[in-house]
Amino acid sequence: MTPADLSLTVLRAVRRAVDDGALRVDVPSRAKVERARPGGVGEYASSIALSLARPAGRSALDVAGILEERLRDVPGLRAVEITGPGFLNFTLQRDVDADLVRGILAAGTSYGHGAALAGTVVCFAAVAEPRAVLVVETLVRLLRSQGGDAEAGADGGERLHVYPGASGGHVTDAVRWAFLRAAPHDRPLDPGPLLVPHERNPLFRVQYAYSRTRRLLVNARQLGFTPEPGRLGEPGQPGQYVEPGQYVEPGQYGQPGQCVEPGRPGHLEHPDHASPLLRLLREHPLALLSAARHRAPDRVARQLEAVADALLAFQHTVLPLGDEKPSAAHRSRLALAEAAGTVLAGGLSVLGISAPDRI
């Protein structure tokens, strides 16, 4: 929540108090919100209760209490406190989604790597069968990504039960996916269909989803904006609060012509494509750790499929449409798409599969 958002939120609280009959004042055109002074309470403060006290015929503390009741459960506000003669002090909730995106972009393709298996030593027995070789190589990368000390080819090392598969002499991306997408003890997939660029091809979907994120970044630069983690919604779009009686113009996200009935504030109904994607990105480190612990590279492949499908559902919300101007929400969505692409690239790297910028 920005200071401008907070100012509008305070004005909405005043308007509700007036509509409820709790205050008899003219709703001001703006509510001044400024940074709390050093040693003060919260992050931001407003003196609006003091300015409304005289016209309302009540004490500033009374006015502040009325407004605090209407602000305490507002999304984005962690705490609202009254101090002094009637100052409203605000502590904002951290934007955990934006923090997640920032963390992924900062870590790059190493996102999800960690030290959970530090001190664990794993030595795999020497293998010669093509699929077993590929599975062991992948597990070594997985274990090392989680802080473990892993190697292959040791005498008397850990043996895996791997259903054999023929590589045809050349290990392509399709062969790798065919060998690793199925659990090691199961029959591998047929590499043939994985060469066909079709939506039913899971490898194609994963690589295509990554390439789409690269294209979105190029398109965004051409439109004059760059990724910046932040709030994903904006007026008339997902998660936007709608005032009673507010008319919403037909648009990409809101229901065309939707108008919330007076006295019934609510949120726009919208297809929320961001939440499934955010959830999968948040779970990605656990997917890598689980794959390493259970010797199951197929879990990484399944995770990448899920991320790709969620990203392809979300990607249509990233760029402005028609005469729409790029906004902070577009920059935030672009950052989320870039983060998802980063996770796909990192996961494909663990599997030894390429992440092409263009398909």
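In this text, all values refer to a predicted model and were calculated from it rather than measured experimentally. In what follows, residues are counted from 1 in the order of the sequence shown.
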Stepwise, does the salt bridge (charged side-chain N to carboxylate O under 4.0 Å, His left out) test hold for Arg15 with Asp19?
CA-CA 6 Å; Arg15 189 176 297 116; Asp19 291 343; 6.0 Å; no
Give the intermediate values and the outcome of side-chain contact (heavy atoms from CB on, under 4.5 Å) for residues Thr120 and Leu143.
CA-CA 9 Å; Thr120 301; Leu143 287 160; 5.5 Å; no
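Distance check, rounded to the nearest 0.5 Å: CD of Glu305 to CG of Asp298 gives 10.5 Å. Atom CG in Leu348 sits 5.5 Å away from atom CG in Leu304 (nearest 0.5 Å). Taken from CG in Leu6 to OG in Ser46, the straight-line distance is 7.5 Å, to the nearest 0.5 Å. Atom CD1 in Ile48 sits 5.5 Å away from atom CG in Leu11 (nearest 0.5 Å).
Using a 4.5 Å cut-off on side-chain heavy atoms (C-beta onward), Ser167 and Val175 make contact. Looking at heavy atoms from C-beta onward, Arg141 lies out of side-chain contact with Leu351 at the 4.5 angstrom threshold. A heavy-atom distance below 4.5 Å is not found between the side chains of Cys123 and Asp149. Looking at His330 and Val318, their side chains never come closer than 4.5 Å, going by heavy atoms from C-beta outward.
Sorted by first and then second residue, the salt bridge (Lys or Arg N to Asp or Glu O under 4.0 Å) pairs with a member in residues 153-169 read Glu158-Arg295; sequence neighbours excluded.
Gln303 contributes no side-chain N or O that, together with a main-chain N or O of Pro285, makes up a donor-acceptor pair within less than 3.5 Å. Distance alone, capped at 3.5 Å, is enough to place a donor-acceptor pair between the His198 side chain and the Arg200 backbone. Counting only distance, with no hydrogens or angles, the side chain of Arg331 and the backbone of Pro227 share no donor-acceptor pair below 3.5 Å. For the pair Glu338 (side chain) and Thr213 (backbone), a donor-acceptor distance under 3.5 Å is absent. When atom types are taken as modelled, the side chain of Glu43 and the backbone of Leu92 share a donor-acceptor pair closer than 3.5 angstrom. The closest donor-acceptor contact from the side chain of Thr138 to the backbone of Leu134 lies under 3.5 Å. Listed for the Glu324 side chain is a donor-acceptor partner under 3.5 Å among the backbone atoms of Leu321. No donor-acceptor distance shorter than 3.5 angstrom exists from the side chain of Ser354 to the backbone of Pro356, with no hydrogens or angles considered.
Residues passing the side chain to side chain contact (heavy atoms under 4.5 Å, CB included) test with Ala209, sequence neighbours excluded: Ala308, Leu311, Leu312, Leu344. Every residue two or more places apart in sequence or in another chain that forms a side chain to side chain contact (heavy atoms under 4.5 Å, CB included) with Ala49 is listed here: Val63, Ala64. For Leu100, the side chain to side chain contact (heavy atoms under 4.5 Å, CB included) test picks out Ile104, Tyr111, Leu278, Leu281, Arg282, with sequence neighbours left out. Residues forming a salt bridge (charged side-chain N to carboxylate O under 4.0 Å, His left out) with Asp186 (at least two apart in sequence, or on another chain): none.
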If you look only at distance, which donor and acceptor atoms sit under 3.5 Å apart when one is on a side chain in residues 71-86 and the other is two or more places apart or in another chain?
from, atom 1, to, atom 2, distance (Å)
Arg72, NE, Glu68, OE2, 3.3
Arg72, NH2, Glu68, OE1, 2.7
Thr83, OG1, Asn89, ND2, 2.6

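Taking each heavy atom of Arg70 and Arg16 in turn, the nearest pair found is O-NH1, 3.6 Å. Scanning both residues, Ala291 and Leu142, for their nearest heavy atoms gives CB-CD1, 3.9 Å. Closest heavy-atom contact between Leu195 and Ala174: CD2-CB, 3.6 Å. Considering all non-hydrogen atoms of both residues, Pro188 and Tyr163 come closest at CD-CD2, 3.7 Å.
Heavy-atom contacts from other residues, nucleotides or ligands closer than 6.0 Å to CZ of Phe204 number more than 12. With a 6.0 Å radius and a threshold of 12 heavy atoms from other residues, nucleotides or ligands, Asp190 has its CG atom above the threshold.
Remark: the Ser211 side chain and the Arg358 side chain contain no N/O donor-acceptor pair separated by less than 3.5 Å.
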